[in-house]
Amino acid sequence: MSKYNITLIPGDGIGPELADAAKRCVDALGLDIKWDVMEAGLGTIEKCKTPLPARTLDSIRKNKVAIKGPITTPVGTGFRSVNVELRKTLDLYACLRPCKTYEGVRSKYDKIDLVIVRENTEDLYAGIEFEEGLKDTKDLIATLEKMSGKIIKPNSAISIKPISVEGTERIVKFAFEYALKNNRKLVTAVHKANIMKFTDGLFLEVAREVAKGYEGRIAFEDRIVDNMCMQLVRKPEDYDVLVLPNLYGDIISDLAAGLVGGLGVAPGANIGDGIAVFEPTHGSAPKYKGMNKTNPTAIILSAVLMLKYIGEEKKAEVLEDAVASVIRERKFVTYDMKEKRDDPAAVGTREMADAIIRKIIG
Ligand code: NAD
């Protein structure tokens, strides 16, 4: 029996080539891993009539750890996003996105080391929406007008923003526990409580309450989301771990990815209680499918997060150092890491992974 059983979901678009690169890099570390390769995405729709087959979900439930390539959300087919479905079904309530500058990456900033902790299940992303013009929507508008004493234009669509005490408590605790384990010093809660006094107000109030339990160990502060954007662009080095409700977390994650060199280098993880799915922040970039062109860094750094999660800190460090060293040398890197995007010296996905593997095996 292997020491680790890990579900590997190659995904679609550029997913399979990136997943292969990540698997080869992890295998080069010499760990005893049995990969449970499972399908999801566009390729399974015809075969299984769903982009997320039950056996794929079962495998993640059994192994408790998975790494996945990106998956396309088909437009106009009635299929929901596999990514949203996974997060909901497995209650992966925390989206973890470390954003760190590596020497050699093209970015206007250096020495950034931020961690974004985004709530993954609530807020305006809960999927509770009412379409303009429908009878239910009109009834809802009438009820809301009666209850609030405010006027809502009759041709409005409505989205609901639930933010709960339990949901906030667990995500803020997650951020503080992550800070403790990873030797971080400061957690900043991000909100718009000055305007949304009840939903964001609750988020802030609960965050303050949770922070009391970490007093003297981890510092706490809060920022209004618009000000946070400005602060991150002006002096990102002042921030450490940010914890945010779903929508602000989604937006600030991309902002932070931009600070450290773009989507090609931004890893991520979706984590629940005792279960985790690791994946790059970027999508399936269909136009580059099968071209051996895109950057494997984000998925390989997601594998670094995965190794830390399963307790293989040393191996995680070896892999991260190998990636950092290849990026620093700027020789075996993909097009997006070059000064000019059409630089003929850019290598492919496979060749960049090979260079990382050469660093690992010495
Ligand atoms: P995308 O991230 O797939 O691509 C946007 C652009 O970013 C690409 O055209 C490419 O120029 C660049 N890019 C992305 N990844 C790169 C990499 N590894 N190396 C170099 N360049 C890279 O975003 P999109 O076009 O908005 O989405 C495409 C599909 O992916 C959609 O169906 C979307 O729903 C899906 N998606 C999936 C996930 C996920 O699986 N978690 C996340 C985001 C988007």
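Whatever order the structure lists them in is the order used to number ligands and atoms, beginning at 1.
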**OP:** Could you tell me which residues satisfy side chain to side chain donor-acceptor pair (under 3.5 Å) with Lys173, sequence neighbours excluded, listed by chain and number?
**Re:** none
Original post:
Which pairs, with at least one residue in residues 105-126 and sequence neighbours excluded, count as a salt bridge (Lys or Arg N to Asp or Glu O under 4.0 Å)?
Top reply: Asp113-Arg184, Arg118-Asp250, Asp123-Lys161
N or O contacts of ligand 1 with protein under 3.5 Å, please list pair by pair.
residue  : atom   : partner : partner atom : Å
ligand 1 : 2 (O)  : Gly283  : N            : 2.7
ligand 1 : 3 (O)  : Gly283  : N            : 3.4
ligand 1 : 3 (O)  : Gly283  : O            : 3.4
ligand 1 : 3 (O)  : Ser284  : N            : 3.1
ligand 1 : 3 (O)  : Ala285  : N            : 2.8
ligand 1 : 15 (N) : His282  : ND1          : 3.4
ligand 1 : 18 (N) : His282  : NE2          : 3.2
ligand 1 : 18 (N) : Asn295  : O            : 3.0
ligand 1 : 19 (N) : Asn295  : N            : 2.9
ligand 1 : 21 (N) : Tyr335  : OH           : 3.1
ligand 1 : 30 (O) : Ser284  : N            : 3.0
ligand 1 : 30 (O) : Ser284  : OG           : 3.2
ligand 1 : 32 (O) : Thr73   : N            : 2.9
ligand 1 : 34 (O) : Thr73   : OG1          : 3.2
ligand 1 : 40 (O) : Lys68   : NZ           : 3.3
ligand 1 : 40 (O) : Ile71   : N            : 2.8
ligand 1 : 40 (O) : Asn83   : OD1          : 3.1
ligand 1 : 40 (O) : Asn83   : ND2          : 3.1
ligand 1 : 41 (N) : Glu279  : OE1          : 3.1

**OP:** Kindly indicate whether the side chain of Val190, heavy atoms from C-beta on, has any atom under 4.5 Å from the side chain of Gln231.
**Re:** no
Original post:
Can you list every pair that meets ring-ring contact (aromatic ring centres under 6.0 Å, His included) and has a residue in residues 155-191, with sequence neighbours left out?
Top reply: Phe176-Tyr214
Subject >> Point-to-point distance, once rounded to the nearest 0.5 Å, from OG1 of Thr334 to CE of Met352 >> reply: 5.0 Å
**OP:** Going by the side-chain contact (heavy atoms from CB on, under 4.5 Å) test, name the single residue among Ile60, Ile33, Val37 that passes it with Ile6.
**Re:** Ile33
